[in-house]
Each structure stands twice: as C-alpha cells, then as structure tokens.
Amino acid sequence: MTTYPKIVVSPPGPIARSFLLKDEHFLSPSYVRFYPLVVESAQGCIVRDVDGNEYIDLNAGIACMNVGHNHPRIVSAIKSQCDRFLHYSNTDFYYREVIELAEKLAGIAPGSFEKKTYFGNSGAESVEAAIKLAKWHTRKQLIIGFIGAFHGRTVGALSVTASKPAQKRHFFPLMPGVVHVPYAYCYRCPFKQEYPGCHYWCVDFIEEFVLQKYAPPEDLAAFMFEPIQGEGGYIVPPPEYFQKLKKLADKFGVLLVDDEVQSGIGRTGKWFAIEHWDVEPDIVCCAKALASGLPLGATIARAKVMDWTGGSHASTFGGNPVACSAAVAVLDVVREEQLLGNAKKQGDYALKRLRAFGEHNDIVGDVRGKGLMIGLELVEEKDSKKPASQKAAAVMTRAWKRGIAIVTSGVSTLRLTPPLTIDRELLDAALDIVEDVINEVSKET
Ligand SMILES: Cc1ncc(COP(=O)(O)O)c(C=O)c1O
C-alpha cells in the first residue's frame with residue numbers, strides 16, 4: 001500500500017499562508033493560481049508543500065515534469081553542465097550541447113525528412129518562431145488558428161490563441177492576419193453535428209466558408225493547431241481529422257504548424273501527439289517537458305522549410321547549454337525507462353477506469369485523452385451537457401485538500417497529467433480520491 005498522499009496540516013498551512021501574503025504584495029496580479037499550493041520540494045510523482053503535506057502530482061508542473069520531479073539523471077546532467085559553463089549565446093557562437101539536442105530532436109520529431117531546429121526559451125517563443133518562419137518561408141501573411149486554442153501570451157502567439165477572453169482583454173489590436181475556425185470538439189460540436197455522421201464537416205467548412213469566402217488560400221501561410229487542445233479542455237479530434245486537414249493544406253500549399261508544447265515529449269504515449277493521426281507536420285513547436293522544468297523552447301521544421309537567413313530570428317538565451325543538457329538527458333530517460341510505453345499503459349488503464357466510473361456518475365459528461373493526457377469534462381446533467389464549472393473547481397480544490405494536485409482546463413474539465421513515471425499503485429491512490437470527491441460533489445446541489 002502506498003503511503004501517499006500525506007496531509008499533516010489542512011492546506012494552506014501557516015507557513016504557506018505567510019508566503020501568500022507576501023506573494024500578494026510583491027507579485028504581478030496577472031497570475032491566476034488554481035489554489036494556494038506553496039511548493040517546498042518535489043521528487044518523482046510527489047510534491048511536498050512548505051508545511052510538510054505531500055501530494056500525488058497529477059499536474060506534473062503543468063505537463064512539464066514528464067520524467068518525474070528531480071529525476072537523478074537530469075539533476076546530474078544539469079550539475080555537470082553547471083560545472084563547465086552556464087551560457088555563451090548560441091545566437092552568436094557555437095557549443096556542442098545545443099547541436100547534440102538538435103540532432104536528437106531531428107531523430108524523434110515526426111517525418112523521415114531532414115529537420116532543423118530553432119531554440120528559444122518557452123512555449124510562446126517556440127510558437128512565435130513558428131509564425132515568423134511560416135511567414136518567411138511562404139511569403140504569405142494569413143494564419144488559420146482554431147477556436148479553443150492556447151499558444152501562449154506573447155503578441156504573436158496570443159493572436160492565434162482563442163481560449164479565454166481574459167487572455168486577450170484590453171490587448172487588441174493584436175497581430176493582423178489570423179482567422180479562427182471551429183476545432184473538432186465532438187462532445188460539443190460547434191456545428192451541432194455528430195461524429196461520424198458529420199463526415200468531418202468541420203474540415204469542409206474551412207474550405208467552403210473560410211477559404212472560398214474571405215481568407216484567400218493564396219495568402220495563407222499555415223494552419224496552426226494543437227493535436228489535442230490543452231488549455232481549451234483536453235479535446236481530442238476524431239481519427240481522420242488531421243489527415244483531412246493535411247489534405248486541405250496540401251491542396252493549397254499551406255504549412256501545418258503543430259503545437260506540441262503541452263502534448264509532446266511522450267505525454268500521450270508517442271513522442272509527439274500528432275503521430276496518433278499519422279500526419280507529418282511541417283513545423284513542430286515544443287517546450288514544457290523538453291528540459292524537465294528548465295526554460296527551453298524548440299521549433300523543429302523540415303529543413304526545406306527552415307530556410308530563413310542570418311539575422312531573421314534569434315534570442316540571447318535560446319538554447320541555453322544547461323537547459324539543452326537537461327533536455328538531452330530527458331530524451332535519454334524517456335527512451336531508456338520506456339516512458340512512452342508506461343504513458344500508454346497507465347493512460348489506457350486510467351481512461352478505462354474513469355469511463356467506467358463516469359457511466360455511473362451524473363456529472364461526468366465525457367472522459368477523453370491519449371496516454372497520460374486525460375480530461376474529465378464535468379456537466380450539470382448528462383442530457384443538457386451544461387458545463388459544471390463550479391463543480392469542477394470544487395472537485396479540484398477538495399482533491400487538493402485531500403492530497404491530490406490536479407487542475408482544470410477549458411470550462412469544466414479536470415485534467416490529469418501525472419509524470420509518465422507513475423505506477424499503478426500511485427495512480428489508483430490518486431484516482432480513488434478524485435472519484436470519491438466527484439461523487440461527493442455530484443450529490444450536492
Ligand atoms: C499548447 C501550448 N502552446 C503554448 C504554450 C505556451 O507556453 P509557455 O507558457 O511556455 O509560453 C502553452 C502553455 O500552456 C501550451 O499549452
């Protein structure tokens with residue numbers, strides 16, 4: 001029997017509360033915290049707060065700690081890189097760590113063609129680079145993004161984001177030339193259709209109503225999408241969706257930009273989630289789990305597409321050697337510890353268990369996901385599918401108070417993204433509590 005979670009003082013405890021007061025005083029109010037978890041340390045799948053409570057981590061630092069917290073191989077790679085040098089601007093000079101990582105990324109990113117990588121420092125930067133590269137390569141201006149998408153908060157990335165009004169309020173005008181179309185959110189189809197009877201109308205709609213009416217395809221540089229929408233609510237498109245989108249892209253010579261910032265590095269049981277649809281994108285954006293918590297973004301493109309010339313894009317810190325050494329170790333650990341297999345195995349199990357649970361619970365509307373990227377969408381009633389956002393928030397907070405670190409996304413979806421190292425015993429311990437709390441909340445009016 002696992003000894004986790006361990007709650008020794010009801011969170012937030014006294015030490016946490018003392019930090020919260022200072023946080024409020026000194027930190028930007030633009031952050032939205034899910035609940036007052038003040039982290040002291042973390043190891044594997046367990047996070048310890050400053051008051052000594054130990055939580056089973058279903059967040060993995062928001063899908064960053066795929067190899068588990070403080071994996072000894074990553075810590076050792078970071079330490080030994082620190083002993084050698086911390087920075088020397090890959091923009092202006094050379095070092096081996098960044099080259100070694102680019103070579104490894106070319107080997108795992110989808111597509112057997114040659115690839116090149118640009119390194120930045122975050123998910124948003126990897127998206128900015130993708131936007132600029134798509135424009136540079138095609139000499140075209142338009143980008144088609146998807147409703148519900150989250151690509152980051154810098155102005156270019158924010159322009160393609162369409163997830164929550166709070167993210168864009170007071171920031172218009174943003175980058176011109178972005179057109180948003182509905183995503184394949186089958187549980188709440190924007191066209192009120194049902195899969196498979198819809199025959200992928202959401203893709204035909206793009207051609208018939210967007211490209212033929214107001215977004216001239218000859219001006220279109222790229223489709224930019226998340227293969228599974230993350231912040232939008234863990235939304236998984238149906239099996240042929242991206243094949244159909246690719247067909248449309250090929251018809252008009254449009255690039256596919258695949259944002260794998262949240263879904264990449266093994267999260268879904270494949271290196272990159274788009275592999276589940278067997279599609280080879282032209283540009284892949286990657287960050288979060290890549291360097292196990294150190295800031296690193298990668299924009300990986302077909303070598304033929306990454307044809308911009310010197311001076312067109314760069315960043316002083318991008319491809320920092322410490323972050324790159326961590327990332328090289330992450331890729332080795334994922335492979336050697338067979339974490340793709342574990343993500344699939346534990347993810348399939350969790351999906352099956354949660355689906356069976358959901359059938360007998362009135363507020364579980366939909367359970368979806370791939371690997372260990374799993375969403376549980378809560379509703380007021382199954383028939384009306386009215387989103388139960390307050391109930392989702394209540395489940396999240398109560399689960400946390402009982403020792404499970406879990407957060408929501410979209411409007412009313414609980415998201416489960418534990419480290420890919422999680423074993424069955426810990427997963428079951430976490431799911432026992434999550435299900436118990438959902439039962440509790442569903443009985444309240
Ligand atoms: C799919 C996706 N793209 C981009 C980003 C932005 O990444 P960052 O917060 O590192 O800028 C995120 C962050 O959650 C994301 O989920």
Side-chain angles (χ1 to χ4, degrees), residues 28 30-34 59-66 118-134 143 145-164 166-168 171 174-175 178 180 183 185 222-237 242 256-268 271-274 276 281 283-300 315 317-320 323 326-327 330 369-375 407-410 413 415-417:
S28 163
S30 60
Y31 301 118
V32 183
R33 269 58 172 267
F34 286 102
N59 297 331
I62 311 297
C64 290
M65 309 311 291
N66 287 9
Y118 166 85
F119 288 103
N121 303 285
S122 66
E125 278 189 48
S126 72
V127 168
E128 291 293 332
I131 293 171
K132 286 178 69 179
L133 179 61
I143 310 268
F146 292 82
I147 297 171
F150 184 82
H151 296 292
R153 296 168 187 275
T154 50
V155 169
L158 185 61
S159 306
V160 194
T161 289
S163 177
K164 294 194 172 85
Q167 293 154 354
K168 299 183 97 157
F171 297 130
L174 294 167
M175 181 182 76
V178 179
H180 283 102
Y183 193 65
Y185 185 2
F223 289 114
M224 175 174 274
F225 58 85
E226 297 159 89
I228 297 177
Q229 282 191 343
E231 302 304 305
Y234 278 38
I235 298 161
V236 187
F242 289 109
L256 286 187
V257 179
D258 172 24
D259 180 351
E260 297 264 3
V261 168
Q262 190 153 165
S263 56
I265 314 298
R267 170 60 47 205
T268 67
W271 280 110
F272 294 96
I274 193 67
H276 291 283
I283 304 177
V284 176
C285 302
C286 182
K288 282 194 185 286
L290 178 58
S292 204
L294 296 199
L296 184 64
T299 309
I300 311 156
S315 137
F317 290 132
N320 168 274
V330 165
K370 290 204 181 282
L372 285 168
M373 185 167 187
I374 297 176
V407 297
T408 55
S409 77
T413 297
R415 56 169 135 172
L416 284 79
T417 55

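Quantities reported herein were computed from a predicted structural model and do not represent experimental measurements. Along the sequence shown, residues carry numbers from 1. Just the heavy atoms: all of them, side chains too, but no hydrogens, waters or symmetry mates, feed the values below. Note that ligands are numbered from 1 as they come in the structure, with each ligand's atoms numbered from 1 the same way.
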Legend entry - Short side-chain to backbone donor-acceptor contact, T161 and G152, under 3.5 Å: yes
Inset, instruction - Answer yes or no: is there a side-chain heavy-atom contact under 4.5 Å between R415 and I62? - result: yes
Legend entry - Per-atom contacts of ligand 1 with A124, taking only distances under 4.0 Å to non-hydrogen atoms: 6 (C), 7 (O), 8 (P), 11 (O)
Inset, instruction - Any atoms of ligand 1 less than 4.0 Å from a non-hydrogen atom of K288? List them with their elements. - result: 13 (C), 14 (O), 16 (O)
Legend entry - Protein contact to atom 7 (O) of ligand 1 [nearest heavy atom, distance to 0.1 Å]: G123 CA, 3.3 Å
Inset, instruction - Report the nearest protein non-hydrogen atom to atom 16 (O) of ligand 1: residue, atom name, distance rounded to 0.1 Å. - result: Q262 NE2, 2.8 Å
Inset, instruction - Find out whether M224 and V127 are in side-chain contact, i.e. whether some heavy atom of one side chain is under 4.5 Å from a heavy atom of the other. - result: yes
Legend entry - Nearest-contact summary for atom 2 (C) of ligand 1 - protein heavy atom, Å: F150 O, 3.3 Å
Legend entry - For the student: nearest non-hydrogen atoms of S126 and V261, plus distance: OG-CG2, 3.7 Å
Legend entry - Protein heavy-atom partner closest to atom 5 (C) of ligand 1 - residue, atom, separation in Å: V261 CG1, 3.7 Å
Inset, instruction - Please tell me if the side chains of L158 and Q167 come closer than 4.5 Å, counting only heavy atoms from C-beta onward. - result: yes
Legend entry - Nearest neighbour in protein (non-hydrogen) for atom 3 (N) of ligand 1: D259 OD2, 2.7 Å
Legend entry - Proximal candidate to atom 4 (C) of ligand 1 [heavy atom criterion; set M224, H151, E128]: H151
Legend entry - Aromatic plane relationship, F225 with F146 - under 30° parallel, 30 to 60° tilted, over 60° perpendicular: perpendicular
Legend entry - Heavy atoms from other residues, nucleotides or ligands near CZ of F34 exceed 12 (cutoff 6.0 Å): yes
Legend entry - Polar atom proximity, E125 to ligand 1 (N or O, under 3.5 Å): no
Inset, instruction - Measure from atom 11 (O) of ligand 1 to the protein's non-hydrogen atoms and state whether any distance is below 4.0 Å. - result: yes
Inset, instruction - May I ask you to list the atoms of ligand 1 that are less than 4.0 angstrom from any heavy atom of E231? - result: 14 (O)
Inset, instruction - Indicate yes or no: at least one non-hydrogen side-chain atom of C286 is less than 4.5 angstrom from one of I265. - result: yes
Inset, instruction - Run the numbers for me: atoms of ligand 1, each under 4.0 Å from some heavy atom of E226, listed by number. - result: 1 (C)
